[in-house]
Amino acid sequence: MKNQFIVTKNVRRLYQLADTLQQAGDKTPGLGLFYGEPGLGKTEAAAHMHLQKNSIYLRAKTAWTVLWFLNDLLHELGEKKAGKTENAYARIVEILGAQPRLV
């Protein structure tokens with residue numbers, strides 16, 4: 001059996017959400033939320049979209065602190081950890097300001 005990803009109506013809706021966020025315009029922050037019952041493929045769809053749209057894929061951790069989250073994001077952006085929250089935040093703003101991507 002082939003391991004194949006099927007683009008369903010719900011996956012297309014997730015892609016539409018991503019396109020809407022990307023087309024919102026420069027300097028316009030946005031937040032999209034997709035949800036559903038367990039087992040419907042939300043994680044698989046997000047991981048697939050991450051590969052198709054060159055987005056940053058992070059899985060939330062229960063005990064995340066702000067700095068831990070920012071350092072995980074820096075890691076996904078190919079950067080070194082920052083020792084202070086404000087340094088990590090400033091670097092992320094700099095990187096994503098120069099090359100916006102979905103997170």
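- No path of Ile, Leu, Val, Met, Phe, Trp and Tyr side chains, each step under 4.5 Å between heavy atoms, connects L51 with M49, placing them in separate hydrophobic clusters.
- Counting all heavy atoms, side chain and backbone alike, S55 lies closest to H50 at O-ND1, 2.6 Å.
- Residues R91 and L74 share a closest heavy-atom pair of CG-CD2, 3.8 Å.
- In this structure the side chain of R101 reaches within 4.5 angstrom of the side chain of L77, judged on heavy atoms.
- Remark: I6 CD1 to E44 CD distance equals 12.0 Å, nearest 0.5 Å.
- L17 and V7 end up in the same hydrophobic cluster when Ile, Leu, Val, Met, Phe, Trp and Tyr side chains are linked at under 4.5 Å.
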What side-chain donor-acceptor pairs closer than 3.5 Å can you find for residues 59-67, not counting sequence neighbours?
| from | atom 1 | to | atom 2 | distance (Å) |
| --- | --- | --- | --- | --- |
| K61 | NZ | D72 | OD2 | 2.7 |
| W64 | NE1 | D72 | OD2 | 2.9 |
| T65 | OG1 | W68 | N | 3.1 |

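- Nearest heavy-atom pair, K81 versus N71, reported as atom, atom and distance to 0.1 Å: CA-OD1, 3.3 Å.
- Using a 4.5 Å cut-off on side-chain heavy atoms (C-beta onward), L21 and L102 make contact.
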Could you give me the CA-CA distance, side-chain angles and deciding distance for Y57 and T43, then say whether side chain to side chain contact (heavy atoms under 4.5 Å, CB included) is met? CA-CA 10 Å; Y57 181 68; T43 300; 3.3 Å; yes
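- Summarising the geometry, atom CD1 belonging to I92 is positioned 10.0 Å from atom CD1 belonging to I56; distances are rounded to the nearest 0.5 Å.
- To the nearest 0.5 Å, the span separating CD on Q16 from CG on N10 amounts to 10.5 Å.
- The heavy-atom pair separating A88 from L70 by the smallest distance is CB-CB, 3.8 Å.
- By the side-chain hydrogen bond (donor to acceptor under 3.5 Å, both in side chains) test, Y15 is found to be paired with H48, residues two or more places apart in sequence or in another chain being considered.
- At distances below 3.5 Å, not a single donor-acceptor pair connects side-chain atoms of K42 with backbone N or O atoms of F34.
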